Amino acid sequence: MRLWLIAVAALLSQAASAETTAIVGGTVAIGDGSAPIPDGTVVFTDGRIVAAGRNVAVPAGAKVIDARGKWVAAGIVAAFSNLGLADVDGVGESNDGSAAKSPFSAAIDIAPAINPHSAVLNNERLRGVTSALVSPSASGSIFAGQGAVISLGVEPNPVMRPRAFQYVELGEYGAELAGGSRPAAFAMLHEALAQAQDYRRNPAVFDGRGKDSLIKRPDARALLAVLDGKTPLFVHVERASDILSVLALKADYPRLKLTLVGAGEGWMVAPQIAAAHVPVIAAALADLPEAFERVAATQSNVGRMAQAGVAPLAISTINADPGANQSNLKQYAGNLVAITRVAGYTGLDWGRAFAAITSGPAAVVGMDGEIGSLRPGRRADLVIWTGDPLELSSVPLAVIIHGRPQPAYSRQTKLRDRYITPREQSLPKAYQR
Amino acid sequence: MAFREIEARIVVTGIHPFKAIRAAFPFAACLALTACATTPSPANHAAPEPRPSPGYGVDPYPSTYQRYPGVPTLVTNVTIYDGEGGRIDRGSLLFADGKIVQVGQQIVPPAGATVIDGTGKWVTPGIIDVHSHLGASAAPRIQALSDHNEETSPATANVWVEHSVWPQDPGFGRALTNGGVTTLQILPGSANLIGGRSVVLKNVYARTIGAMKFPDAPYGLKMACGENPKRVYGARGREPSTRMGEVAADRATWVKAVEYKRKWDKYAKDGGEPPARDIALDTLAGVLAGNILVHTHCYRADEMANFISMSAEFGYHVTAFHHAVEAYKIADLLKTNGICAAVWADWYTFKMESYDGIPENLALLQKEGACAIIHSDDKNAIQRLNQEVAKAQTAGRVIGLDIPDEVAWEWLSINPARALGIADRTGSLKPGKMADVVLWNGNPLSVYTRPEKVWIDGALLYDANDPKLRPVSDFELGQPGERDAK
């Protein structure tokens with residue numbers, strides 16, 4: 001295995017980005033919902049996929065990597081995370097997710113705060129996550145601000161799309177942020193959007209700088225982009241009735257581009273969500289009534305929504321693992337396949353489960369032409385795995401982002417190597433590296 | 001101080017291990033010490049009669065758990081992980097009357113036994129989770145059901161978490177049906193340096209907590225080091241607000257405990273006026289006597305080392321460090337000191353003290369021969385501890401530590417059973433032990449596998465193919481989705 005890795009790394013680093021690389025012989029998982037393709041081929045050049053699948057010709061002069069016995073899969077796209085925004089979630093100075101004392105809300109733009117050198121980001125990249133939707137969290141207002149889509153690759157600018165979506169809380173937490181009730185949250189929502197429209201009608205007299213204003217001018221500008229459908233609105237809601245209330249916003253604001261986040265009871269109103277063509281980023285496996293707004297939670301939630309035609313559909317670590325462990329998305333996807341084998345559950349087949357962590361998240365934010373699969377023209381973000389990526393025994397052998405091999409080490413691997421034997425040898429541990 | 005020396009001290013002071021005390025003083029009335037105290041005759045120079053022990057020696061809240069009826073059951077042609085590192089392919093497992101009868105290759109079923117064809121399936125002991133807050137921090141997560149941290153004082157050895165456990169928590173059912181968890185320890189939270197007594201439960205729904213309690217399981221004492229206590233109390237301008245404050249506060253508490261035990265031991269030996277009773281110090285004296293097992297939330301290697309030193313100073317043993325995110329850095333010390341580490345597979349960086357978490361933690365503990373345990377501390381993770389073990393096993397394989405499946409399964413079975421003091425009764429598929437058994441629909445270390453049937457004490461309490469054998473707690477009755485597989 002080690003020799004194979006060295007050979008691959010050499011091949012990939014030799015290949016200037018303009019050269020063509022072909023990975024042959026592996027089981028190919030394109031990430032578009034299709035089933036894995038045994039003995040497939042993936043060709044990429046200049047950082048972009050040329051073709052992937054069965055009977056794909058290897059162009060003359062291409063560097064060829066033999067992936068027999070391995071899987072070649074689209075890189076994992078974290079559908080909802082704080083990757084790059086925090087080194088340690090609990091250390092406020094290192095965590096740019098929220099700003100409770102800021103006078104701004106919708107205006108918050110997390111793009112300048114993304115830190116590509118964060119150890120967390122590097123750890124997760126090594127474990128197969130190649131890009132992520134990164135969101136702020138709400139604290140002083142129901143509006144959290146504008147999230148971004150980032151690449152986890154080592155490249156000059158990791159932000160692929162700044163101000164990719166506006167995130168708003170409208171469930172129990174939204175109620176709390178708005179002063180204590182859902183009606184108050186909806187009142188805040190409607191009034192903020194109305195004030196944004198006031199701002200557009202007459203910016204000069206807009207009282208956005210007054211200390212009693214609900215929103216500031218930059219917030220108004222951000223909300224206008226939402227009203228105009230230029231910036232998608234990601235809404236955190238869980239309860240079936242809340243989901244219907246959110247879907248009904250389209251009647252008041254026809255150009256709103258809605259996406260539901262969480263949707264723990266989405267299965268109860270799945271036909272309505274599908275009819276409204278609203279994408280969903282679901283908590284993958286939330287199955288407990290952890291709040292009154294999720295009393296009907298079940299692991300069948302995602303499968304039932306898929307069956308009803310909800311699309312695009314992505315899964316996330318919301319309501320589960322700590323934010324850093326985005327690489328566990330593959331385990332969640334595997335679990336959705338597992339329940340197809342148990343009576344009474346609705347799960348996802350392998351192809352759709354894998355799509356829920358690759359092209360699904362990309363499609364939710366309108367970037368599936370760019371990332372999230374090995375379809376032609378997309379960025380060459382892919383991972384070579386020892387086996388089925390959803391299976392717990394599989395690990396990444398190589399991570400390629402934008403056609404470039406990524407470092408094969410991380411802070412975690414260095415800690416591991418230092419402490420494989422815990423005892424000191426001839427020098428203190430601090431000298432061992 | 002090594003564990004053996006502590007055992008010697010127990011014998012010298014005449015305070016016997018927990019079960020012996022119960023056998024000697026079976027009557028709860030002995031709790032009212034004046035009712036039971038006997039005075040030696042003045043003329044009698046022989047050693048005085050042993051006196052009833054102080055509170056820690058008597059159990060005022062014994063288990064009322066009764067096993068449910070079962071039928072003799074034989075599973076055939078099944079892959080068996082016996083929980084103690086043994087594996088049988090195409091084997092057979094027979095249990096009856098609540099106990100494992102036989103484990104082997106071919107077993108003749110007794111007349112009337114239910115025979116289950118286990119072809120393509122696996123059978124293991126029920127999973128044991130040593131770190132859960134189910135019931136004490138229940139679903140739904142609301143203030144009214146948040147009872148695991150008595151956050152009014154940093155040392156609350158007086159509280160017993162079982163008095164906070166809500167037996168209707170839907171989480172118990174999920175742990176059973178999705179996770180194959182048959183035994184679990186509920187702990188107080190980690191806001192406090194000393195959180196109170198823990199309780200070991202059978203994962204069997206009941207109306208009262210007493211009816212869930214694992215019969216005769218030792219009590220545990222929850223302690224915590226690190227960021228949580230100093231954050232909680234430091235914010236109020238109280239000790240502890242620093243790590244040094246935490247150790248100082250703990251030491252002051254143990255000083256009181258040692259003094260309390262000294263008085264009670266003297267009373268037990270010499271008679272006279274019994275000392276005043278203090279229920280917090282009862283629990284701590286129980287720890288010093290070796291009856292109550294210490295479970296400590298502690299992440300950092302250096303803090304665990306400090307904690308070990310403190311335990312040596314006062315003469316008690318740390319049974320297990322929990323979370324122990326840096327256990328891999330001191331796996332040799334944990335092995336030498338006979339201390340278990342109950343850890344996650346891969347959680348890290350949510351707090352500063354978890355910044356150095358690595359997925360190889362369990363595998364490196366196993367490599368050093370330390371007692372390695374997987375735990376959840378989470379109502380979602382408890383539903384897939386078998387999968388967490390698989391991830392940890394994989395991480396080990398990458399660095400050349402090939403831990404066989406049946407050995408990795410010890411992290412879910414016999415090791416946690418030992419840490420809870422119940423390894424003689426459960427935690428492995430051995431004749432005479434409780435029939436706490438899970439039949440899986442595939443290799444339980446695969447992400448694609450789920451429990452098919454779960455028995456506790458030989459009673460079938462979950463059947464994936466029988467909706468009537470899927471528990472629904474009171475809370476979920478009458479709710480949307482009540483009938484769902486969850």
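These numbers come from a predicted model, not from an experiment. Protein chains get the first letters and strands the later ones, always in sequence-line order, with residue 1 at the start of each.
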Contact class of [X] relative to chain A, heavy atoms under 4.5 angstrom:
| X | answer |
| --- | --- |
| B:N178 | side chain |
| B:R231 | neither |
| B:L401 | neither |
| B:E476 | side chain |
| B:R483 | neither |
| B:Q383 | side chain |
| B:I399 | side chain |

Using a cut-off of under 4.5 Å for heavy-atom pairs, which of [options] has the most such pairs with chain A?
| options | answer |
| --- | --- |
| B:E482, B:E452, B:R384 | B:R384 |
| B:R141, B:K329, B:E227 | B:K329 |
| B:G173, B:A139, B:A381, B:A138 | B:A139 |
| B:T394, B:N441, B:V447 | B:V447 |

Next on the checklist: Quick check against the 3.5 Å criterion: does A:R416 have a side-chain atom that pairs as donor or acceptor with the backbone of B:E360?
Outcome noted: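 Not confirmed, A:R416 side chain does not pair with B:E360 backbone.
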Item to check | Pair listing, side chain to side chain donor-acceptor pair (under 3.5 Å) test, anchored in residues 329-338 of chain A, at least two apart | outcome: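 For residues 329-338 of chain A, and leaving out neighbouring residues, the side chain to side chain donor-acceptor pair (under 3.5 Å) pairs sorted by first residue read A:D321-A:Y332, A:Q331-B:Q387, A:Q331-B:E388, A:Q331-B:K391, A:N335-B:Q387, A:N335-B:R450.
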Any side-chain heavy-atom pair of [X] and [Y] under 4.5 Å:
| X | Y | result |
| --- | --- | --- |
| B:Y348 | A:N325 | yes |
| B:I358 | A:Y419 | no |
| A:L285 | B:N380 | no |
| B:Q479 | A:P289 | no |

Checklist entry - With sequence neighbours left out, what residues match B:W166 under ring-ring contact (aromatic ring centres under 6.0 Å, His included)? => result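 In terms of ring-ring contact (aromatic ring centres under 6.0 Å, His included), with neighbours along the sequence ignored, B:W166 is linked to no residue.
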Next on the checklist: Checking B:W411 now: which residues fulfil ring-ring contact (aromatic ring centres under 6.0 Å, His included) with it, not counting sequence neighbours?
Outcome noted: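 Partners of B:W411 by the ring-ring contact (aromatic ring centres under 6.0 Å, His included) criterion come out as none, since no residue qualifies.
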By a 4.5 Å heavy-atom criterion (distance strictly below it), what part of [X] contacts chain B: side chain, backbone, both, or neither?
| X | value |
| --- | --- |
| A:N328 | side chain |
| A:V91 | side chain |
| A:S94 | neither |
| A:V395 | side chain |
| A:L336 | neither |
| A:A297 | backbone |

Next on the checklist: So which residue, A:T413, A:L390, A:I339, A:T421, ends up with the most heavy-atom pairs under 4.5 Å with chain B?
Outcome noted: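 Maximum pair count with chain B is reached by A:L390.
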Which atom names give the shortest non-hydrogen contact between [X] and [Y], and what distance separates them?
| X | Y | value |
| --- | --- | --- |
| B:M352 | A:V88 | N-CG1, 3.3 Å |
| A:E391 | B:S446 | OE2-OG, 2.7 Å |
| A:P422 | B:Y328 | CB-O, 3.8 Å |
| B:T349 | A:D87 | OG1-O, 2.7 Å |
| A:T298 | B:D484 | CG2-OD2, 3.7 Å |
| B:A485 | A:G344 | CB-O, 3.9 Å |

Item to check | A:R352, CZ: over 12 other non-hydrogen atoms inside 6.0 angstrom | outcome: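 Not more than 12 within 6.0 Å, no.
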Item to check | Atom NZ of A:K429: over 12 foreign heavy atoms under 6.0 Å | outcome: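 More than 12 within 6.0 Å, yes.
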Item to check | Residue-level interface, residues 362-369 of chain B with chain A, non-hydrogen cut-off under 4.5 Å | outcome: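 The list, in residue order, reads B:L364, B:K367, B:E368.
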Checklist entry - Do the side-chain N and O atoms of B:Y448 and A:D388 include a donor-acceptor pair separated by under 3.5 angstrom? => result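 The criterion, which ignores hydrogens and geometry beyond distance, is satisfied for A:D388 and B:Y448.
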Checklist entry - Can we say A:R418 and B:D356 salt-bridge, meaning some charged N sits less than 4.0 Å from an Asp/Glu carboxylate O? => result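 Salt bridge absent between A:R418 and B:D356.
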